[in-house]
Amino acid sequence: MIITENLKFQYNKQESPFNFPDIDLNSNENLLILGKSGIGKTTFLHLLAGLLTPTEGKVVINNTEINSLSQSKLDKFRGEHIGMVFQQKHAVQSLTVVDNLKARLFFSKKTLNDSKIETLLNSLDLLHCKNKKTNEISEGQLQRLGIALAVIHNPQVILADEPTSSLDDDNCKTVIELLIQQAAETKANLIVITHDQRIKSFFSNTITL
Amino acid sequence: MNIWKISIQNIKSKALYTFLSILTLALSIALLLGIQQIKNSFEHQLENNIGEIDLVIGAKGSPLQLILASVLHLDNPTGNIPYIDAKKLGKHPMVKTAVPISYGDNYKGYRIVGTTDKFLSLYHAEIASGRRVEHSLEVVIGHRVAERTGLKLGDTFLSSHGLVDNDIDVHNNKIKVVGILKPTGNVIDRLMITNLESIWEVHEHEQHNEDHDGYDKDHYGEEHLNHDDHDEDHLSEEHASHDDHNKYDEDHHDEQHSDHENHHEDDKEITSLLISFRSPAAFLTFPRRINEKTNMQAALPKFELDRLYEFTGIGLTTITWIAYLILLISGIIIFVSLYKMVKERSFDLALLRTYGASNLQLIKMVALEGLIVLIIAFSLGYLFVKVGLKYMFSFLSDNKQNMLQELPFEDVLQTTGMVFAVIVLSILIAIYPIIKMNISTILSNEK
């Protein structure tokens with residue numbers, strides 16, 4: 001579950017602050033946040049992930065107010081409870097597909113035996129390229145690896161930043177279905193921010209910034 | 001998976017930079033350590049060869065030549081000095097020990113040094129087998145000489161005249177090996193040591209025998225000229241004793257045969273006198289007095305060899321600076337390699353932050369990359385030096401001595417410390433942007 005209250009953020013004092021709507025998601029609830037470019041979607045997502053500190057208001061994930069945590073505790077908390085999906089760059093270049101997953105687990109201090117990792121890779125149709133470097137696999141595969149990386153550690157919240165905007169219609173559908181499916185399996189809240197209207201129909205819960 | 005493995009994967013993913021970093025760093029480490037070891041071996045060799053010799057007294061001429069001839073046994077002597085004068089100097093209260101040495105002959109290029117018993121203790125040399133010289137025409141040979149010539153205890157040989165190996169001018173007196181020295185690592189390893197009398201005797205016998213066989217004085221003259229054909233410097237001693245003898249022969253042509261061996265040694269000459277002082281105060285007055293008041297010269301081995309070393313040291317200094325330069329370049333390459341990693345792969349680093357990695361873990365990861373390169377390069381560099389110098393010195397075997405000296409631990413530590421300081425500094429500068437890294441901005445600028 002994730003709750004925000006009265007979130008405000010200001011990059012510098014000359015600009016007017018971003019005001020974000022309050023959200024309150026119970027476990028297994030998903031949310032689509034739509035909005036044009038420059039409206040502060042990514043800022044909102046980064047506030048939810050604890051990558052930015054709000055000027056005002058608070059973010060509560062699983063009864064923990066993340067802004068009250070120290071930097072190192074926040075790093076740990078993020079590693080354990082949050083999974084993030086990005087638009088294009090999803091994984092560390094110097095590591096192979098499977099090593100990326102293992103690194104992800106290492107930093108979130110979780111362990112998963114190899115067969116579980118393989119099951120996940122298989123469910124995302126990535127098993128055949130598990131020992132390839134990330135620059136050797138296709139964009140679709142990379143996108144699916146991004147999803148694997150966001151869910152492998154069983155997070156409470158999955159935050160996706162424009163996960164479909166560079167994909168064609170078919171891939172767009174596949175990816176968003178996979179995300180929803182994986183979130184359901186791990187009982188996580190899925191929050192997607194996008195300007196991509198194609199995925200609107202997949203979510204019952206939508207807010208527009 | 002752990003940070004080590006990620007660092008190693010990072011290194012592997014930029015093979016060219018890693019290769020360049022390791023190569024330049026290893027090269028600079030090898031040069032620095034190599035130069036230091038060569039320098040050290042050279043200095044140690046010189047100092048070792050000086051032994052306890054504080055001062056060398058010989059005939060007037062080049063002081064460096066006198067030292068090279070009498071201490072390092074490399075050059076030709078400057079000439080001879082009267083033994084009686086040398087003996088007087090040896091009795092001076094400031095003098096602790098005075099060891100006369102006299103040259104004249106060699107065996108297969110190894111010099112035969114006529115001296116007294118004290119010569120061995122100057123170099124702390126000990127007998128490995130056999131005994132010390134007790135009679136004339138006996139020698140104790142250095143470890144290297146025994147190894148190279150194959151001479152064993154009880155073997156006899158004929159010496160040749162002068163300091164260079166030759167088959168033409170061979171003496172008739174058989175010299176017997178009575179002792180072999182333990183290896184010392186200094187010049188005594190390549191010397192053959194006998195008593196002063198042997199040197200005098202070999203040359204006297206020769207003349208007497210020749211005389212006896214009916215050589216007339218014309219022949220003597222010829223003999224003399226032959227000697228002149230040799231290098232003039234190192235034969236001057238020979239020269240002098242021949243002259244001496246000529247006169248002697250002329251004066252006492254009939255009586256000499258019976259008593260020539262009892263011939264008073266005060267008339268003889270030696271090449272030089274090696275002196276060690278009782279106290280350092282003697283350095284101030286003693287050499288000056290000899291140089292001013294006698295027709296002999298006094299030379300300080302330490303001073304002369306330091307002077308020599310200053311000249312030969314220029315090359316080593318140049319290479320040392322080149323090594324520093326390469327170290328600097330290598331530091332820059334490592335810096336660029338890591339900085340590139342931090343800047344160009346900032347998204348990867350930010351991604352790792354979203355995985356739950358702390359700043360400290362990222363710093364550790366990048367630092368480990370640098371340290372792995374450093375450690376590989378250091379091991380390689382060290383190996384280069386070990387193998388390279390062994391190989392090089394095995395080529396230089398004609399210097400008849402095992403010159404290579406292990407580098408003292410402090411020196412290795414000093415170089416290591418410096419290299420580590422430079423590289424760690426490069427790593428720290430490269431890491432700095434991580435501390436300032438704004439993950440949110442980096443992730444927002446994904447496209």
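This structure is a prediction, so every number in the text was calculated from the model and none was measured.
Here the closest non-hydrogen pair linking B:L352 and A:V92 is CD2-CG2, 3.8 Å. Heavy-atom minimum distance, A:H46 versus B:S440: ND1-OG, 2.7 Å. When all heavy atoms are compared, the tightest approach of A:A91 to B:D348 is O-OD1, 3.7 Å.
Heavy-atom distances place no part of A:E80 under 4.5 Å from chain B, backbone and side chain included. Heavy atoms closer than 4.5 Å to chain B are found in both the backbone and the side chain of A:S108. Heavy atoms closer than 4.5 Å to chain B are found in the side chain of A:L149, but not in its backbone. Neither the backbone nor the side chain of A:A49 comes within less than 4.5 Å of any heavy atom of chain B. Residue contact with chain A, scored on non-hydrogen atoms closer than 4.5 Å, involves the backbone and the side chain of B:I3 alike.
With a 4.5 Å cut-off on side-chain heavy atoms, B:I6 and A:F107 count as touching.
Counting non-hydrogen atoms of other residues, nucleotides and ligands closer than 6.0 Å to OH of B:Y432 gives a total of 12 or fewer. The number of heavy atoms from other shown groups lying within 6.0 Å of NZ (A:K73) does not exceed 12. A 6.0 Å sphere centred on NZ of B:K364 holds no more than 12 heavy atoms belonging to other residues, nucleotides or ligands. Annotation: A:K173, atom NZ; neighbour count of heavy atoms from other residues, nucleotides and ligands within 6.0 Å does not exceed 12. Open room surrounds CZ on B:F19; 12 or fewer heavy atoms of other groups in view lie less than 6.0 Å from it. The local environment of NZ in A:K133 is crowded, with over 12 non-hydrogen atoms from other residues, nucleotides or ligands closer than 6.0 Å.
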**OP:** Output, in order, the C-alpha distance, side-chain angles, deciding distance and verdict of salt bridge (Lys or Arg N to Asp or Glu O under 4.0 Å) for B:K5 and A:D99.
**Re:** CA-CA 9 Å; B:K5 283 184 189 160; A:D99 280 347; over 6 Å; no
**OP:** Verify side-chain contact (heavy atoms from CB on, under 4.5 Å) between A:S94 and B:R345, making sure each step is shown before the conclusion.
**Re:** CA-CA 10 Å; A:S94 56; B:R345 298 205 174 165; 3.6 Å; yes
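Of the listed residues A:K109, A:H81, A:Q93, A:H153, the one with more heavy-atom pairs under 4.5 angstrom with chain B than any other is A:Q93. The choice from B:S358, B:S13, B:A357, B:A350 that makes the most heavy-atom pairs within less than 4.5 Å of chain A is B:A357.
A:R78 places a side-chain N or O within 3.5 Å of a backbone atom of B:R353 that can act as its donor or acceptor partner.
In this structure, B:Y355 has its ring center at least 6.0 angstrom away from the ring center of A:F106.
In this structure, OG1 on B:T354 lies 9.5 Å from CD1 on A:I82, to the nearest 0.5 angstrom. Distance check: A:M84 CE to B:L443 CG gives 6.0 Å after rounding to the nearest 0.5 Å. Note that the CG atom of B:N359 and the CG atom of A:D75 stand 7.0 Å from one another [nearest 0.5 Å].
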